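Read through the structure below, which is laid out as structure tokens, and then see the notes.
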Amino acid sequence: MQIKFFPSLLSADFGALQAEINSVEDFVDGFHFDVMDGHFVPNLTVGAPVLKCLKTNKIFDAHLMIANPEKYIEDFVKAGAHWISIHAETVKNPTEILKKIKLLGAKAGLVLNPETSLDDYLEDFKEANFALIMSVNPGFGGQGFMPEVLEKVRILRKSFPEMDIQIDGGINDKTVKQAIEAGCNVVVSGSYFWGSDDREETANLLRT
Ligand code: DX5
Ligand code: ZN
């Protein structure tokens with residue numbers, strides 16, 4: 001399966017987001033845009049009004065770490081999000097919200113926190129275009145990778161051989177190998193990528 005690499009803008013320079021995007025756009029596959037509400041996760045970032053001001057010819061992937069994500073999906077689609085993921089922990093009926101995302105024209109993703117069991121949501125993943133398995137507790141960049149979540153990736157990959165499976169949190173040159181081996185094909189990296197000396201080399205390294 002083709003490996004895609006999406007840098008997380010969370011660790012980019014928020015005062016120069018468009019310049020950061022432009023500087024790496026040629027060698028990445030998309031941009032991961034972390035949305036936090038200070039409620040579902042203990043941190044705040046930015047929302048659709050900021051995304052709307054940004055441009056890329058690659059994929060914009062909005063990771064919604066917010067309560068009541070259904071209220072904001074349309075805003076994110078209008079702002080230019082191509083992929084939108086919602087946390088299973090934030091909604092009563094993931095299938096319903098995933099359908100709504102697809103109807104609005106974006107790819108729909110379902111996210112599981114490290115502690116969330118896959119068994120409870122296997123049926124909902126049938127409605128998803130992609131899965132996002134969190135390998136840290138969401139809220140902050142720069143945390144350590146939790147290898148135990150890879151068991152969920154292995155099961156998902158068996159059940160859905162063609163689905164995009166994304167991994168997010170603590171990805172570096174070493175942990176990426178474990179993630180890809182388990183079956184992930186969309187790699188997100190924040191602090192490791194933006195902190196590296198040669199971002200092009202790092203992007204290529206994270207894709208192999
Ligand atoms: C964490 C965010 C991640 C974050 C990853 O809640 O969802 O996308 O940017 O950062 P690193 O790669 O530094 O763990
Ligand atoms: Zn994220």
Side-chain angles (χ1 to χ4, degrees), residues 3-14 17 20-21 24 28-48 50-51 54 56 58-67 69 72-73 76 79 81-90 101 106-116 128-150 152-153 164-180 184-197 199 202-203 205-207:
I3 311 293
K4 298 183 187 77
F5 172 60
F6 294 1
S8 164
L9 289 171
L10 186 63
S11 294
D13 178 353
F14 267 60
L17 279 180
E20 295 276 66
I21 289 172
V24 301
V28 305
D29 303 292
F31 291 92
H32 183 84
F33 188 82
D34 286 303
V35 183
M36 303 185 187
D37 66 353
H39 176 72
F40 172 60
V41 290
N43 200 2
L44 276 172
T45 55
V46 289
V50 172
L51 185 65
L54 300 170
T56 181
K58 299 292 171 69
I59 294 165
F60 262 139
D61 165 37
H63 173 194
L64 305 188
M65 289 164 272
I66 59 177
Y72 304 94
I73 286 161
F76 278 97
H82 305 102
W83 292 25
I84 296 178
S85 60
I86 53 152
H87 272 259
E89 304 84 8
T90 61
I101 295 172
K107 287 206 184 234
L110 185 59
V111 194
L112 300 184
N113 273 346
E115 277 76 37
T116 303
N129 298 113
F130 68 103
L132 167 48
I133 298 300
M134 290 306 299
S135 38
V136 297
N137 284 311
F140 302 93
Q143 304 181 79
F145 184 75
M146 299 167 77
E148 59 271 29
V149 306
L150 295 178
K152 289 189 273 194
V153 174
D164 282 317
I165 304 180
Q166 192 175 37
I167 188 95
D168 183 16
I171 291 294
N172 57 38
D173 55 338
K174 292 175 189 71
T175 55
V176 73
K177 292 197 180 94
Q178 303 171 41
I180 291 175
C184 293
N185 72 307
V186 185
V187 173
V188 173
S189 168
S191 51
Y192 179 73
F193 172 75
W194 294 102
S196 69
D197 293 335
R199 291 171 180 165
T202 302
L205 180 87
L206 292 175
R207 247 189 309 244

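Counting convention: from 1, in listed order, for ligands and their atoms alike. Since the model is a prediction, treat every value here as computed from it, not as a measurement.
Two residues are said to be in side-chain contact when any heavy atoms from C-beta on lie closer than 4.5 Å; L44 and M36 fail this criterion. Contact annotation: the side chain of H32 approaches that of L132 to within less than 4.5 Å [non-hydrogen atoms, C-beta and beyond]. Residues V111 and I86 have side chains not in contact (no heavy-atom distance under 4.5 Å, counting atoms from C-beta outward). Between L64 and F40, the closest side-chain pair of non-hydrogen atoms is not below 4.5 Å. V41 is not listed as a side-chain neighbour of F140, based on a closest heavy-atom distance of 4.5 Å or more. Side-chain contact check for P138 versus N113: some heavy-atom pair is nearer than 4.5 Å. The closest side-chain heavy-atom distance from F6 to V186 is below 4.5 Å.
Using a 4.0 Å cut-off to heavy atoms of P138, the atoms of ligand 1 that qualify are 6 (O). Taking a cut-off of under 4.0 Å to the non-hydrogen atoms of M65, the atoms of ligand 1 that pass are 6 (O), 7 (O). Contact atoms of ligand 1 toward H32: 8 (O) (distance under 4.0 Å to a heavy atom of the residue). Remark: ligand 1 atoms within the under-4.0 Å shell around heavy atoms of M36 are 6 (O). Within ligand 1, the atoms closer than 4.0 Å to a non-hydrogen atom of G142 are 11 (P), 13 (O), 14 (O), numbered from 1 in the order shown. Per-residue contacts place H63 under 4.0 angstrom from the following atoms of ligand 1 (heavy atoms of the residue considered): 7 (O). Proximity to S191 (heavy-atom distance under 4.0 Å) selects the following atoms of ligand 1: 11 (P), 12 (O), 13 (O). Each of the following atoms of ligand 1 lies closer than 4.0 Å to a heavy atom of G141: 10 (O), 13 (O).
Here the angle centred on the Zn ion (ligand 2), running from NE2 of H32 over to ND1 of H63, is 100°, rounded to 10°.
Salt-bridge check for D164 with K107: failed, with every basic side-chain N at 4.0 Å or more from each acidic carboxylate O.
Of the listed options S135, S189, S8, S8 places a heavy atom closest to atom 9 (O) of ligand 1.
Checked by distance only, ligand 1 and M134 stay at 3.5 Å or farther apart across all their nitrogen or oxygen atoms. Below 3.5 Å of separation, one finds an N or O of G139 facing an N or O of ligand 1. The shortest N or O to N or O distance between G169 and ligand 1 is not under 3.5 Å. Every N/O-N/O distance between Q143 and ligand 1 stays at or above 3.5 Å. For the pair N137 and ligand 1, the shortest N or O to N or O distance does not fall below 3.5 Å.
For the side-chain contact (heavy atoms from CB on, under 4.5 Å) criterion with I167, the lone passing option out of V188, V176, L150 is L150.
Looking only at its N/O/S atoms, D34 has OD1 as the one nearest to the Zn ion (ligand 2). The Zn ion (ligand 2) is closest to atom OD2 of D168 (considering only N, O or S atoms).
Heavy atoms of Y192 stay at 4.0 angstrom or farther from ligand 1.
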Show the numbers, then the answer: is there a side-chain hydrogen bond (donor to acceptor under 3.5 Å, both in side chains) between D61 and Q166?
CA-CA 11 Å; D61 165 37; Q166 192 175 37; 2.7 Å; yes
side-chain hydrogen bond (donor to acceptor under 3.5 Å, both in side chains) between T45 and D34, worked out:
CA-CA 7 Å; T45 55; D34 286 303; over 6 Å; no
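To the nearest 0.5 angstrom, E115 atom CD is 9.0 Å from E89 atom CD.
Residue contacts with ligand 1 for F140 involve N, CA, C or O but no side-chain atom from C-beta outward (heavy atoms, distance under 4.0 Å).
Of the protein's non-hydrogen atoms, the one nearest atom 12 (O) of ligand 1 is G190 N, 2.8 Å. At the top of the distance list for atom 7 (O) of ligand 1, counting protein heavy atoms only, stands D168 OD2, 2.8 Å. The closest protein non-hydrogen atom to atom 14 (O) of ligand 1 is G170 N, 2.8 Å. In this structure, atom 2 (C) of ligand 1 lies nearest to the protein heavy atom D34 OD1, 3.4 Å.
W83 and F130 have their aromatic ring centers within a separation under 6.0 angstrom. Between F60 and F76, the ring centre distance reaches or exceeds 6.0 Å.
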